[in-house]
Protein chains: 2
Amino acid sequence: MPQDKEKAILKITQEMIRRGGYNGFSFRNIAAAVGIKSSSVHYHYPTKEDLAVAAAQNYTNEFIDNLGEPADIVAQGGNPIESYVDAFRNVVLNKSGMCLCGVLAAEADNLPERVVAELNVFFEKNVEWLKNAYTAIGNTNNIEAKAVQTLSSLQGALVVANAGGNIEKFNLSVAHILDDTTGNS
Amino acid sequence: MPQDKEKAILKITQEMIRRGGYNGFSFRNIAAAVGIKSSSVHYHYPTKEDLAVAAAQNYTNEFIDNLGEPADIVAQGGNPIESYVDAFRNVVLNKSGMCLCGVLAAEADNLPERVVAELNVFFEKNVEWLKNAYTAIGNTNNIEAKAVQTLSSLQGALVVANAGGNIEKFNLSVAHILDDTTGNS
DNA sequence: GTCTATAATTTGATAGAC
DNA sequence: GTCTATCAAATTATAGAC
């Protein structure tokens, strides 16, 4: 199965970026983890930039897909903002490192522009999802601000949790987000 | 003046880390920027870990010193939380990249442990400062949670601003922080 | 698609002269 | 304290055989 190797490359690349950023992975590291040689990795992704762009795209699509549709969550009696916070909480609980686009965003000044462009796609799609989520729960005041605040609070909570590495600090950081979903403040 | 070179090394190292993280600087890069050779940088800081530790310590001390004392700010009619938000806003306005300890925290899993230890010092000192600040303005409910939330929100606001790079998004991200300093919610 | 082999560059680090 | 010279290792990337 030819495309399995390509998927394996993408998966391990994502994991490595989430722990060490753009310089946290190398063609040889990835090759060793997948069980092939570095030249074979280059066959699938000619340059490091290509590989990072593909990893960011794949991460973004998986992340958004995994969230589901805000309207569906509400229809099933759930709170989409709670779902969103849980998605980030699971990053800490599963010890998956950082949000791939969060860690790359921190290094953006030293990254190829095509990679930075993908980061913007991630952030735009997340703001869009959150705006739909706040709309879906009838929280319609200052939607844009609420969406950006929730996104940045969670990115920051991951940063803080990743330094000290405990879930309690993460939970403290995000407690205020859900307070906002019961009223319309 | 011998110690001037050492200070110059520390300064340029901080700048480079803030733009590219731990792998955003090299002994040769720094040497070139300071106007000496890489072996001279090694004389002042034997290993890369040593240099990163010194840069983190220096950054933390300068950052906290620059904030001043919360009680003094209140005594002069100011709002220390506003001062704190401004300190982060200036990072974006001055295009200084990221918070040095924020970008390193994102890469923590791939960093020498002595560097990670310094990150924890930064975060602890900041939480302490914020607790004093909330106390100084008479906002005494859930001080620990408020401090951690403000810190992580600002770290996240820098991450988001650093990807897209505009001050409007930063301002949107942090708007809610000051809303909290007028009441006691 | 994967391999061997290798090129070209960069990196952290050290020895020893001045 | 700074220099020249150098080392060993790692990195991105390519050529060509199978």
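In what follows, chains carry the letters A, B, and so on, assigned in the order in which the sequence lines appear, proteins first and then strands, with residues in each chain numbered from 1.
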Query raised in the report: Starting at NZ of B/Lys7 and ending at C1' of D/dG1, how long is that distance when rounded to a whole Å?
Result: 18 Å
Query raised in the report: Does NZ or CZ of A/Lys48 fall inside the cone over A/Tyr22's six-membered ring, less than 6.0 Å from its centre and within 45° of the axis?
Result: yes
Requested in this report: Take the angle between the ring planes of A/Phe122 and A/Tyr59 and call it parallel below 30°, perpendicular above 60°, tilted in between.
Outcome: tilted
Query raised in the report: What nucleic acid atoms does B/Tyr43 come within less than 4.0 Å of, heavy atoms only: base, sugar-phosphate, or nothing?
Result: base
Report task. Send over the distance from B/Phe27 CZ to D/dA5 P, rounded to a whole Å. Result -> 21 Å
**Report entry** Nucleic acid contacts of residues 34-42 of chain B, taken as heavy-atom distances under 4.0 Å to DNA chain C
**Finding:** B/Ser39, B/His42
Report summary line: In whole angstroms, the gap separating P of C/dT9 from CG of B/Asn23 amounts to 21 Å
Requested in this report: Describe, in one word, how the ring planes of A/Trp129 and A/Tyr84 are oriented to each other, choosing from parallel (under 30°), tilted (30 to 60°) and perpendicular (over 60°).
Outcome: parallel
Requested in this report: Would you indicate what B/Tyr45 reaches in the nucleic acid, counting non-hydrogen atoms under 4.0 angstrom: base, sugar-phosphate, or nothing?
Outcome: nothing
Report task. Go through the side-chain N and O atoms of B/Glu6 and B/His44 and say whether any donor and acceptor fall under 3.5 Å apart. Result -> yes
Query raised in the report: Are A/Lys125 and A/Phe63 in a cation-pi setup, meaning NZ or CZ lies under 6.0 angstrom from the ring centre and within 45 degrees of the ring axis?
Result: no
Query raised in the report: Do other residues, nucleotides or ligands put more than 12 heavy atoms under 6.0 Å from the NZ atom of B/Lys169?
Result: no
Query - Ionic contact status for A/Arg89 with A/Asp86, cut-off 4.0 Å - result: yes
Query raised in the report: Rounded to whole angstrom units, what separation is found between the NE2 atom of B/His44 and the P atom of C/dA13?
Result: 16 Å
Report task. Give me the residues of residues 47-56 of chain B where at least one heavy atom lies under 4.0 Å from an atom of DNA chain C, by number, or none. Result -> B/Thr47, B/Lys48
Query raised in the report: Quick one: A/Asn29 CG to D/dA9 C1', roughly how many Å, whole number?
Result: 13 Å
Report task. In sequence, state the C-alpha distance, the side-chain angles, and the governing distance for B/Thr47 and B/Asp50, and then conclude on side chain to side chain donor-acceptor pair (under 3.5 Å). Result -> CA-CA 5 Å; B/Thr47 70; B/Asp50 291 327; 3.0 Å; yes
